[in-house]
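To keep things clear, I will list the structure first and then write my remarks on it.
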Amino acid sequence: MSYRFTEEERELYESMQIPFVIYGYEDGNIRALLISDGYCSLKKQDRDVLRQKQNMNLLNEVHPKDAKKLLPLALSFAKHLSPFDILYRTKMPDDEKYHVMHAVAKWQTMPDKSEVAFVTFNDMTRGMFEIDRLTDGYELFQKDRFYNDPTTGLPNLNYLLEYADDFAENQRLNGGNPALLYFDVIGMQSYNSQYGFSRGDELLCLIAGVLKDVFPGEFVSRGYDDHFFVISNLQTDEQLSERIDRANRHIKKGAYGNTTGIQAGVCILEKGMRVSDAIGHARHALREVDNDLNITHKIFTNETDEAYWQQRFIIENFENALQNERIKVYYQCIQRLKTGNACALEALARWVDPDRGIISPEEFIPVLEKYHLLHKLDLYMVDQICKEVKPRQDIGLPLIPVSVNFSAQDFDYVDIVGAINDILEKYGVSRDKLIIEITERDVALATNRFREQMQRIRDNGYKIWIDDFGSGYSSLNVFSQYHFDLIKFDQAFLLNLDVNNSANRLIFKAMVDMAKELQILTLAEGMESPDHLDFLREIGCDMAQGFYFYKPESLESIRFKLANGNPMMPCDL
Ligand code: C2E
Ligand code: MG
Ligand code: MG
């Protein structure tokens, strides 16, 4: 006789969530005495149905191959000859598929000394599903992280790269003009260092919210650091400026600390252009904005791209160009107007690249200045000029002084005056053979340190000429503050001599008169015509420099001309 469970025991065992069946002998046959709720839910069937099945043929649903192995093991266990701990395949009624089942059976002696077998089951296949489900869940969580920026809650770069192309295509299909806006926060680094990183994060969150308000329904995401990307239907330049201005007003108002806000580089997403490519273009355009606070954004064009690559070329090849003397000194003759004789030369840099040809200083000087490399060029120029003194003499050129362009920035990095002295000494060139040109802009913006340096230049026996006078910074009081040997009038004067009822003629004359009063020499840049020459003579300007007589030339070119019978320029010493 098998054990008879009390009602209480039955209720307790049946309510258990562990899948198990208690078997016992009844009339010499093994029968299911009790089935737990856990087993019902594992099999997804009613207890009664299960009980019937169990009692009909235990191995009915077992895979035929496994049934063969299982039967002797079960019998052996029933006879207490071996333990029962096996894996087998059994069909599950809900999906009609074989699942791998792990069954462990144990004999248990009950209070009435009868024995029952507790068999616990574990559906390994469903277990795997469960693990997969959990893993999927984890992946979803990961995905969430994968696509979301935890700081601002905006979609991140991964999300942008995955979905922004479709978003843009959709805008295009709806007749829009999608553009990628690459936003950068102006001065984020200093904001962080001034107010701390958590305030910095707050600012980023504020910007995220403002961008969502200003670009409603559009694709707003945070790229990385302080860069935000928006895919927006670009209507007009003005509309975009208005939106960015509005965003900046909100940002300034809502920020904890002082901030200027955001600026954008823009790349229009023409059909076929991928967002991943547009990011690079928009970044170049953003570089063009260059923290100029008057500009809200710049739209990428092929010229922007070219400018960017040219800039990269300059930075990456500059040192090499110096070492290989690819930067050449071009000399432009400066004439005394009374005599027509040359009295000085201005040294102008030309980068002669074997592949790109001659690169003008207008292209590379601003880049070198931006990257704080200009002092290297300027000292190199002094070195080259001194090195060429002997070759100049060798071809019979009288040794007239050479003026070199220096920028105020040069003086920030090295002891320029000391370095110039050393170079001149190295080549045995006297100091009266070198003139230092400094632009009016640099003088007007001079710091105390730079003022001291200008004084040092003069104290060391060099002349200072003020370059590009009248180019926009004209502040006549520079003359009462410093002493200069000469002022070079910007070529814009001669170029625009006859505009505004010839106002420049009057102004020019008045300035020359004033300089004379102050005993400062005058030089006009950009003399291009006989009319210019006549005018300059008439107003009593001392010197001139211009294409009318001489263009800047390399020493080789001058040598070549002399060798080919061109007359030597007359010089004043
Ligand atoms: P800058 O010092 O005012 O030099 C005069 C510029 O005017 C030169 O341009 C010269 O070629 C040009 N020029 C001379 N006569 C005429 C003329 O009749 N008509 C016209 N349209 N232009 C004339 P360049 O050589 O292209 O130099 C441009 C500027 O680059 C220079 O202006 C100077 O500010 C800077 N620069 C050139 N070489 C150096 C250098 O070695 N060091 C530094 N720091 N700056 C340099
Ligand atoms: Mg100059
Ligand atoms: Mg000039």
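Because the structure is predicted, anything quoted here is derived from the model rather than measured. Here, residue 1 is the first one in the sequence, and each next residue gets the next number. Numbering of ligands and ligand atoms starts at 1, following listing order.
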Subject >> Lys/Arg-Asp/Glu bridge criterion (N-O < 4.0 Å) met for Glu388, Arg392 >> reply: no
**OP:** For the Mg ion (ligand 2), find the closest N/O/S atom on Glu346 and give its atom name.
**Re:** OE2
Subject >> Whether over 12 other heavy atoms sit under 6.0 Å from Glu425 CD >> reply: no
**OP:** Mind jotting down which residue pairs meet the ring-ring contact (aromatic ring centres under 6.0 Å, His included) criterion with at least one end in residues 501-522? Sequence neighbours excluded, please.
**Re:** Phe489-Phe508, Phe493-Phe508, Phe508-Phe535
Original post:
Any side-chain donor-acceptor pair under 3.5 Å between Asp531 and Ser529?
Top reply: no
Original post:
Counting backbone and side chain alike, does Asp467 bring an N/O/S atom below 2.8 Å of the Mg ion (ligand 2)?
Top reply: yes
**OP:** With the Mg ion (ligand 3) as the reference point, give the N/O/S atom of Asp468 that is nearest.
**Re:** OD1
Original post:
Within Asn405, is some N, O or S atom less than 2.8 Å away from the Mg ion (ligand 2)?
Top reply: yes
Original post:
Can Lys516 and Asp542 be counted as an ion pair, charged N to O under 4.0 angstrom?
Top reply: yes
**OP:** Could you pull out, from Tyr330, Tyr380, Phe549, Phe547, the option with a heavy atom nearest to atom 17 (C) of ligand 1?
**Re:** Phe547
Original post:
Given His375, Gln491, Gln332, which has its nearest heavy atom closest to atom 20 (C) of ligand 1?
Top reply: Gln491
Subject >> Numbering as shown, the atoms of ligand 1 that approach Glu528 to under 4.0 Å (heavy-atom distance) >> reply: 17 (C), 18 (O), 19 (N), 20 (C), 21 (N)
Original post:
With a cut-off of 4.0 Å, which atoms of ligand 1 are near a heavy atom of Glu346?
Top reply: 1 (P), 2 (O), 4 (O)
Original post:
Checking only N/O/S atoms, does Glu437 have one that is under 2.8 Å from the Mg ion (ligand 2)?
Top reply: yes
Subject >> For Ile365, atoms of ligand 1 separated by under 4.0 Å from a heavy atom >> reply: 36 (N), 39 (C), 40 (C), 42 (N), 43 (C), 45 (N), 46 (C)
**OP:** Please identify which atoms of ligand 1 are closer than 4.0 Å to at least one heavy atom of Asp468.
**Re:** 3 (O)
Original post:
Is Glu525 close enough that one of its N/O/S atoms sits under 2.8 Å from the Mg ion (ligand 3)?
Top reply: yes
**OP:** Using a strict 4.0 Å cut-off to heavy atoms of Met381, name the atoms of ligand 1 that fall inside it.
**Re:** 41 (O)
Subject >> Minimum non-hydrogen distance to atom 11 (O) of ligand 1, winning option of Ala524, Pro366, Ala544, Pro552 >> reply: Pro552
Subject >> Those atoms of ligand 1 less than 4.0 Å from some heavy atom in Gly546 >> reply: 15 (N), 18 (O)
**OP:** Go through ligand 1 atom by atom and flag the ones less than 4.0 Å from a non-hydrogen atom of Asp378.
**Re:** 40 (C), 41 (O), 42 (N), 43 (C), 44 (N)
Original post:
Counting only N and O atoms by type, is there a donor-acceptor contact under 3.5 Å from the side chain of Asp378 to the main-chain atoms of His375?
Top reply: no
**OP:** Would you give the length of the straight line joining atom CG of Leu181 to atom CG of Leu234, rounded to the nearest 0.5 angstrom?
**Re:** 7.0 Å
